[in-house]
Every structure is written in C-alpha cells, then in structure tokens.
Amino acid sequence: MVRASAPGKCILFGEHAVLYGQPAVAVAIEQRCNITITDSVDDKWHLEGMIFKPEKHPHIDGLRKRLWHERQPLTINIDSAVPSGSGLGSSAALSVALAAALRAKRGRRVAADGSWHEGFSASLFQTDAYSKPDKGDAGHISPGGELLLGRAALDSDELALLGHAIEAESQGGRASPTDTATASYGGAVMISDRRERGFDWLCSRRLATPEGDRQWEVHRVKMPANIDQARLVIGNTGVHSRTATVVADVAAQLKQNPERMLEIETIGDLSRRGASALRSGELEELGRCMSENHLLLRGLGVSCPELETLIQAAAPTSLGVKLTGAGRGGCMVALTMEPTLTCGAIELAGGRAYISEIGCEGARIDRESGN
Ligand code: MEV
C-alpha cells in the first residue's frame with residue numbers, strides 16, 4: 001500500500017496570460033489531494049469501490065499507461081480536500097499525487113552512480129511523457145540496475161513533467177505547467193516564457209498548443225519569513241467552471257480582437273511586480289498587485305457576479321483580492337492579516353471559505369507498507 005498527497009494551488013498572478021508567454025505566480029495551499037493505491041483483489045482496476053472506467057478518468061488512465069502499463073491491476077482511493085472545478089488545481093493535485101504513488105510503488109531502477117535506468121525526464125533521451133503511449137512504458141530506458149522503492153524513487157521534476165503531460169492531454173492541448181509544477185515542487189512558483197533574473201530556475205517545459213508551440217521556464221520564488229504573518233483566504237462560489245471552456249473562450253476573444261493582447265501584457269507586468277513583492281515580503285504591494293490583476297481579468301470577461309460578491313465581501317479586511325484560476329465561477333482569493341474576519345465575511349456572503357498558509361509542501365509519500 002502506498003499513500004501519497006499533493007497540494008492544491010492558488011494562482012496569485014497571471015492566469016490566462018501565462019498561456020500567451022506572460023509570467024504567472026502560484027503558491028501551494030494547505031488543502032491536499034490524498035491518494036491510496038493497493039493491489040487489486042481481482043484482475044480488474046478499481047476506483048473508489050467501483051470498476052475503473054478509463055474514458056471517465058483520462059488523468060488516471062494517462063498515468064496508468066505511462067507508469068503502470070501491463071502490470072498487476074490496482075485499487076485507487078482518492079480523498080481530496082481540493083474542491084474540483086474551482087480553480088484550485090484539483091486535477092493537477094490528483095495527477096501529481098497519483099504519479100507519486102505509482103512511482104513509489106513501482107520503484108525506479110538506477111545505476112550505481114544514481115543515474116536513472118527508467119523514468120521521465122526532460123534531460124533523458126526517449127522519455128517523451130507528452131506522446132500518447134499505447135504500448136509499453138514510454139519512460140522505460142534500460143533493464144538492470146538497483147531497484148529503489150517508496151519515497152526514495154520520487155523525483156519532483158518527473159512528477160511535474162508527467163502531471164503537465166496529462167493535464168495538456170485532457171485540456172485540449174492548452175495547459176500551462178503552473179498547476180502541476182506547484183503541486184509537485186510546492187512553495188511558490190513563477191512560470192514565464194524566459195528565465196527570470198533573481199528567481200531560482202527549476203526546469204523548462206515545451207508544448208505544442210493549438211495556438212502554436214509554447215515554452216515555459218519554471219522558477220521557485222523564495223519567500224522571507226514575514227510572509228507567514230499573512231494568510232490566504234480562498235472563497236469558493238460553488239459555481240462549477242470548466243478550465244478548457246474558459247481558456248478556449250479567451251483564446252477566441254483574443255483572436256477576434258488582437259489589440260486586447262495589450263491587456264495580457266499588462267497582466268504580465270503585474271505578475272513580475274507581484275513576484276518581486278512576494279520575494280521581498282512587501283505584503284501591501286503584493287495585495288495591491290493582486291487587486292489590479294483582478295480588474296484586468298474582469299475586463300477579459302472571466303469574472304462573474306458570484307465571484308464579484310465574494311470579492312466585495314472580503315475586500316474591507318484584506319490587502320488584496322482577486323479571482324483565482326480560470327474564472328467564470330470557482331474561487332476568489334484574499335491576502336489578509338485578519339483571516340478569521342475575512343473568512344466570516346466570505347461565508348456571510350454565501351461562499352465556502354478556506355484559510356491557507358502561503359506556499360505549503362509539494363508532493364510527498366505519506367505512508368508506504370508491504371511494497
Ligand atoms: C488555470 O488554473 C489557469 C489557466 O491559466 C490555465 C493554465 O494555466 O493552464 C487559466
């Protein structure tokens with residue numbers, strides 16, 4: 001049995017704009033997706049007590065093909081505190097947690113010098129996690145080597161790579177690595193089309209999207225201790241929103257009105273200002289940038305009355321407020337020094353509120369036994 005978990009994410013800056021080469025900043029939140037895998041009792045795959053239906057769960061099926069092809073069937077149980085369809089990266093958290101659980105259970109063969117005999121890595125030949133594997137393990141390199149099992153087999157980079165490939169596959173080819181990188185690495189992450197000076201570069205990601213080839217550079221944003229004085233309060237409207245649909249609508253709008261790309265670039269400027277404020281612990285500036293980012297997102301047409309109600313309710317006790325994620329429902333986020341008050345105001349306005357520290361731990365193995 002292996003139990004793994006990965007955090008949800010909250011985008012502080014740059015949603016949508018990140019799909020057009022602009023930077024985005026996201027932080028891992030306290031709410032996590034927990035996955036338990038055990039050997040199946042029969043010759044079938046099971047999910048949550050039911051027979052697994054691959055067509056209903058493309059994320060799970062994509063990982064199964066890449067990490068567990070033609071191996072003994074498994075039983076998967078999911079216990080997630082990340083609400084789905086709400087802009088908090090629930091599918092990324094699920095993909096990354098499941099990838100961690102499967103890798104820990106499967107293990108990894110490594111050479112005496114620690115180099116991999118198998119796995120998915122941008123630096124390894126023939127490990128294209130993005131190609132649809134139909135036969136065999138796409139990540140397999142060569143037999144032999146020592147078998148590392150459990151958490152010793154995990155690699156955050158591999159989880160981020162696999163997670164992104166799976167998200168891209170199920171989001172019609174339009175997925176930035178924001179959600180999956182945050183779920184894998186944890187903390188605060190900045191995604192951009194270039195290497196950003198002053199931030200620790202982690203990896204590059206390339207993807208062929210319907211709008212052309214994209215490349216993203218993923219960075220870690222190191223935060224000073226005073227960030228811990230503030231909290232994020234996330235307000236869920238309960239309105240379900242489908243990322244792929246909202247993303248496709250924004251793409252159509254920009255195609256019709258190319259001059260609106262200027263607004264996307266302004267969001268990018270705000271993301272850079274916000275990332276610097278996060279890195280230096282300037283909480284008031286951080287909040288200001290968030291509220292300015294919201295106004296631009298509203299202009300792009302991705303807010304909705306329910307989000308505006310929660311944002312207005314949270315604003316008086318917050319340093320900054322905005323919608324987070326794809327929008328048109330889902331969640332808003334407030335940066336606040338008075339989380340209890342902000343939480344109360346959101347709930348009074350009809351939202352479901354969650355309090356989180358800023359930048360929690362990334363994917364991890366929580367329990368392993370009898371591999
Ligand atoms: C969704 O959480 C954020 C978007 O920018 C889409 C993406 O980055 O893949 C809207």
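Both counts, for ligands and for their atoms, begin at 1 and track the order of listing.
Summarising the geometry of Thr182 relative to Pro7, their closest heavy-atom pair is O-CG, 4.1 Å, with the distance given to 0.1 Å.
Using a 4.0 Å cut-off between a side-chain N of Lys or Arg and a carboxylate O of Asp or Glu, Arg205 and Asp157 qualify as a salt bridge.
Legend: residues meeting side-chain hydrogen bond (donor to acceptor under 3.5 Å, both in side chains) with Gln312, ordered by chain and number and at least two apart, are absent. Considering only residues two or more places apart in sequence or on other chains, Arg273 meets the side-chain hydrogen bond (donor to acceptor under 3.5 Å, both in side chains) condition with Glu285, Glu292.
The list of ring-ring contact (aromatic ring centres under 6.0 Å, His included) pairs with a residue in residues 286-314, not counting sequence neighbours, is empty.
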Any protein N or O within less than 3.5 Å of an N or O in ligand 1? List each pair with its distance, or say none.
unit_1: ligand 1; atom_1: 2 (O); unit_2: Lys9; atom_2: NZ; d: 3.0
unit_1: ligand 1; atom_1: 2 (O); unit_2: Asp179; atom_2: OD2; d: 3.4
unit_1: ligand 1; atom_1: 5 (O); unit_2: His16; atom_2: N; d: 2.9
unit_1: ligand 1; atom_1: 8 (O); unit_2: Ser176; atom_2: OG; d: 2.6
unit_1: ligand 1; atom_1: 9 (O); unit_2: Ser176; atom_2: N; d: 3.0

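Note: Tyr130 and His164 have perpendicular aromatic rings, judged against thresholds of 30 and 60 degrees for the angle between ring planes.
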